[in-house]
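Everything below concerns the one structure shown next.
Quick note: residue numbers are just sequence positions, from 1. Start at 1 and go down the list; that is how both ligands and their atoms are numbered. These values consider heavy atoms only, across backbone and side chains, with no hydrogens, waters or symmetry-generated copies.
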Amino acid sequence: MLSRANSCEFGAADMKTMTCIEDLRQTYHRKVPRAFVDYCESGSYAEQTLRANRADLERIALRQRILHDVSARSTKTTILGEPAALPLVLAPVGLTGMQHGDGEIHACRAAQAAGIPFTLSTMSICSIEDVAATCDKPFWFQLYVMRDRGYIRALIERAAAAKCSALVLTVDLQVIGQRHRDIKNGMSVPPEIRIKNLIDMATKPAWAMSVLFGKRKTFGNIAGHYPGMSSVTVLSKWIAEQFDPALSWKDVEWIKSLWPGKLVLKGILDVEDARIAAKTGAAALVVSNHGGRQLDGAPSSISALPPIAEALGSEIEVMFDGGIRSGQDIMRALALGARSCMCGRAYIYGLGAGGQAGVARAIEIMRNELDISMALTGMRSIGEIDRRAVVAM
Ligand SMILES: Cc1cc2nc3c(=O)[nH]c(=O)nc-3n(C[C@H](O)[C@H](O)[C@H](O)COP(=O)(O)O)c2cc1C
């Protein structure tokens with residue numbers, strides 16, 4: 001059960017004045033301590049790729065069409081063969097439970113109520129079991145493959161035991177891109193005790209209460225795996241050493257042999273890699289640059305999408321993420337060949353602004369925007385959205 005402090009401080013009614021993702025973002029910035037806001041907003045190094053994700057999406061003009069009968073239209077679709085209310089999945093986001101206490105549970109509940117999948121990160125605060133025990137339906141689990149393959153095998157078994165409906169293997173983080181602000185802020189879990197962090201937290205009472213009453217304050221999927229590894233400092237050091245530069249396509253085969261369900265490969269930006277991914281038997285790939293947090297200087301996700309979708313869209317389900325902040329953005333990605341999108345920051349803004357109600361509002365805002373954009377571009381169904389929905393570039 002969620003504690004009272006964590007489940008009811010924000011009502012859906014308070015959220016009505018939040019009319020766009022930008023409103024949620026501004027409220028999130030006011031309510032959540034700076035170190036966690038920076039952790040969410042940052043990209044790696046000079047943040048060129050982070051900026052390009054948004055700038056390139058905004059450049060795509062939607063094509064206004066008139067006098068089509070669009071009275072009967074629907075945002076419904078299928079994602080990995082399962083019905084979804086709109087072509088959107090909540091992306092895996094590490095430390096979500098530090099943006100709001102029990103954040104993973106709130107986000108999963110909001111996604112399930114809205115009829116879309118939620119993806120739990122390996123680096124979550126609430127564990128696989130915490131989320132499974134408090135959410136009605138199956139969710140997706142995201143896997144980072146670490147050096148300790150015994151631990152990875154155990155994690156996959158835990159995800160299977162929790163009846164996760166897809167395994168999302170993230171393939172773009174063999175080494176970690178540096179985010180300057182995280183280093184400057186002494187970003188850790190829980191936050192490093194610095195005077196400036198303490199003063200900041202003291203001015204964010206709703207956040208402090210929610211995290212205080214949250215189930216956990218450390219990495220839920222990792223704590224307890226090794227005897228004596230309960231200390232956060234030891235855990236963080238272990239994690240940093242565990243990312244594996246030797247990871248290769250052979251490991252994908254190995255994961256496939258362990259995971260009986262649907263596999264999604266997340267973090268593909270190049271057609272050659274996408275061709276190999278399609279041959280692994282994975283159900284889907286996600287065109288993604290990790291929200292601009294890994295290879296700075298890499299192309300924006302949206303510019304990488306068309307060649308991949310054109311080459312492989314009939315062989316493997318092509319998903320997309322990077323910069324989605326509106327239903328119009330979802331439409332742009334679908335027009336350029338994605339079957340569905342993931343969003344990361346957009347729902348974290350909602351979570352920090354208003355807990356579960358805030359995530360629900362973020363999804364509702366994007367669904368409504370998608371619906372209206374469909375009407376104004378003359379599209380009645382998600383399947384109809386293709387290049388005709390955008391002005392030729
Ligand atoms: C704060 C933060 C933490 C993230 N943590 C993870 C993670 O643990 N695993 C993962 O596969 N991707 C992670 N990502 C990447 C997201 O899954 C997703 O690819 C990205 O957020 C998409 O860009 P957007 O935030 O513009 O929607 C993270 C992104 C952010 C912003």
Taking [Y]'s backbone N and O only, do any of them form a donor-acceptor pair with [X]'s side chain (distance below 3.5 Å, no angle check)?
X      : Y      : answer
Glu104 : Ser124 : no
Ser44  : Gln294 : yes
Arg293 : Gly177 : no
Thr77  : Leu86  : no
Asn53  : Ser301 : yes

Tell me, which protein residue and heavy-atom name are nearest [atom], and how many Å apart are they?
atom                    : result
atom 21 (O) of ligand 1 : Gly344 CA, 3.6 Å
atom 5 (N) of ligand 1  : Gly94 N, 2.9 Å
atom 8 (O) of ligand 1  : Ser121 OG, 2.7 Å

Is there any N or O on [X] that sits under 3.5 Å from an N or O of ligand 1?
X      : result
Gln142 : yes
Gly323 : yes
Cys343 : no

- Query: Between Glu47 and Arg181, is there a salt bridge with N-O shorter than 4.0 Å?
  - Reply: yes
- Under-4.0 Å salt bridge between Arg25 and Glu22: yes
- Taking heavy atoms and a distance under 4.0 Å, where does Thr170 meet ligand 1: side chain, backbone, both or neither? side chain
- For ligand 1, is any non-hydrogen atom under 4.0 Å from Ser288's backbone (N, CA, C, O), its side chain (CB onward), both, or neither? side chain
Proximity winner for [atom], if only heavy atoms of [options] are counted:
atom                    : options                       : value
atom 12 (N) of ligand 1 : Lys266, Met123, Arg179        : Lys266
atom 31 (C) of ligand 1 : Glu41, Arg293, Gln294         : Arg293
atom 20 (C) of ligand 1 : Gly291, Cys341, Ser301        : Gly291
atom 22 (C) of ligand 1 : Ile324, Asp182, Asp321, Asp38 : Asp321
atom 28 (C) of ligand 1 : Ala91, Cys40, Pro92           : Pro92

- What are the two closest non-hydrogen atoms of Ile363 and Ala111, and how far apart are they? CD1-CA, 3.9 Å
- Message: Is the distance between the ring centroids of Trp238 and Tyr151 under 6.0 Å?
- Response: yes
